[in-house]
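Scroll down for the structure; my scribbles are underneath it.
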Amino acid sequence: MEYTVLILILPLLTFLALGLLGTKLKPTTAGCIGTLSLAICALLAYMTAWQYFSMPRVEGVRLPVIPFNFEWLRFTQYLHIDLGILLDPISVMMLVVITTVSLMVHVYSLGYMHGEKGFQRYYAFLSLFSFSMLGLVVATNIFQMYIFWELVGVSSYLLIGFYYTKPEAIAASKKAFIVTRFADLGFLIGILLLSFYTKTFSFDLLTSGDSSLFAGAAGTTFMGCSVMSWAMALIFMGGAGKSAMFPLHIWLPDAMEGPTPVSALIHAATMVVAGVYLVARLFPVYYFEAPEVLVLIAVVGAVTSLYAAVVACVQTDIKRVLAFSTISQIGFMMVALGVSGMEGHEGLGYMASMFHLFTHAMFKALLFLGAGAIIHAVHSNEMSHMGGLRKYLPVTHVTFLVACLAISGIPPFSGFFSKDEILTATFMFSPVLGVVMSFIAALTAFYMFRLYYNIFWGKESTHEHAPHEAPKSMTLPLVFLAVVTLFAGFIPFGKFISSNGMEYIIHLDWTVAGTSIVVAVISIALATWFYKGSNPIPDRLATTFGGLHRAAYRRFYMDELYLFITKRIIFNCVSRPIAWFDRHVIDGSLNGLANVTQRLSYSIRGLQSGQVQQYAYVILFGSLLILVAVLLIM
């Protein structure tokens, strides 16, 4: 499978070609080149998946394959950084997800971005983004992953700030870049700790289950926790930043300032799932060496999921509703990993997390691309400017409804199967956690159908021009993703991916499944009652619970809290005193020393005037002083 290297080379070459020569190409030509390149990558990814999953198991386990690898930097006999391609069940699955969603975004953008200034630059950045994420998921070692991890950050910065003349877009891109850099510092420190004690960066060795690798860290503790717990917690910090986990989530809603297809790419297949993939990639290390960090991951995921679901219930910008929906769904995946084990039914959470990552990528891309078609029709993100659009956008209406049913967990749509397995895993781990996650699933169904009814039903808004359906370049990706969303749930996912590489047969727990269906239907019915037609109850509830409603709308003032901590505390109480000390004490001391030296040098510069008469005078005067001194002493 040496051809898999082309999956990385093609988007990289496309980025270089469009970046350097894009202005010399027609916009349509640049878009077609970028789209054709991703189409070839998608075809190669499907070939790779078919070939890999057709390979026979060894003692019931799917073994990893490394078709390409070379040593880049060597530090010691054992510690070196390689660049290569690792194919195993989760990396092959991610190749399919990334190339599929990215291809749909490329095709969709031909229509959505038509006529935009910087069209060629946009496609160059899309290719860089795809290359970065593809390189991340096939990395053979954690340092290679970190390199591509940072490239993903750079790509997101470029795409979120694509409209660089808009102050909001520039602020959003900087916010995303800065917040994730703080998280990535933790990731880097975690990598250094892990590699220092294990003497390797290789995923193959780290996840082999060889406990002797971690013997050097045995007995080493800090603040009551083992050094491996600290290392894995810091690595998770990097994942939490990329996947917008609470409280590092603040960058993601503002990232909506980029073009809508970019939002689909970031939310569905690339940046925000990187953290989930990181935890899944190192899952054996977490499970065997730092099980307490898995509990932390579950707690952080549950808190994030609940927080984002509550906030999504009151947002009015359709892209921000979907943004908080993504944060909540990523929380579901993190919870599933946190409650999982390695053997038998204990490993249900791992499989369910990867299954939900796969299904969520499809229906969330569908939701964002559908939102783009809606914005394209009404030229607004606000739900108050919509209503009754089902008559004008029939294809968008049906496909958006399919995605809403999927994310709400209604059978037979794909989201039902993956989310049900997550709920089953959480109930097996803790009934209390299971109830909490079921409540969040109910909120998900409610806010998604609140969004659906406000857009396609409700009171019709007035528009300068009658809304119309998007061009085929935009609707065809919607139809394709809707079909995938309809049937992806029937994939026997456990036969392909599990925590221990063994085949895992999924059996629906109809007690959990039935309860989740009933809860979702009740939530949808409530949203239908509130928002399908004119109903004063939502406004009354917003007035009655005005404080809670305002707090949720303002995201519970997390942005204000960050500004208070940074501006009032860090800048005013820490940075300003340090700056004063630096200017007046450090710089003052050095400047004073320089002034004294300068004044002294000016005073004695005559000694170096170059005049022979003056030198003779100084010698004679000095000799007389010495003579007088000698006579006085005698």
Parallel, tilted or perpendicular, judged at 30° and 60°: which one describes the rings of [X] and [Y]?
{"X": "F131", "Y": "F148", "answer": "perpendicular"}
{"X": "H376", "Y": "H379", "answer": "tilted"}
{"X": "F332", "Y": "H356", "answer": "tilted"}
{"X": "H549", "Y": "Y553", "answer": "parallel"}

With ring centroids as reference points, do [X] and [Y] lie under 6.0 angstrom apart?
{"X": "F400", "Y": "H397", "result": "no"}
{"X": "F129", "Y": "F15", "result": "no"}
{"X": "F162", "Y": "Y122", "result": "yes"}
{"X": "Y453", "Y": "Y531", "result": "no"}

Q) Which distance, rounded to the nearest 0.5 Å, do you find between the CG of L126 and the CG of L103? A)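 One finds 11.5 Å between CG of L126 and CG of L103.
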(Q) Would you compute the distance between atom CE of M558 and atom OH of Y307 and round it to the nearest 0.5 angstrom? (A)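 Atom-to-atom, M558:CE and Y307:OH are 6.0 Å apart.
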Q. Applying the side-chain contact (heavy atoms from CB on, under 4.5 Å) test to L134, which of L8, T4, L12 qualifies?
A.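 Of the listed residues L8, T4, L12, the side-chain contact (heavy atoms from CB on, under 4.5 Å) partner of L134 is L8.
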Q) Could R320 and F324 be counted as a cation-pi pair, given that NZ or CZ must be under 6.0 Å from the ring centre and within 45° of the axis? A)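 No cation-pi geometry.
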Q | Main-chain N/O of V395 paired with E469 side-chain donor or acceptor, under 3.5 Å | A |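 The answer is yes, because a donor-acceptor pair under 3.5 Å joins these two groups.
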Q: Using modelled atom types only, decide if a donor and an acceptor are shared between the side chain of S243 and the backbone of V272 within a distance under 3.5 Å.
A: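 The answer is yes, because a donor-acceptor pair under 3.5 Å joins these two groups.
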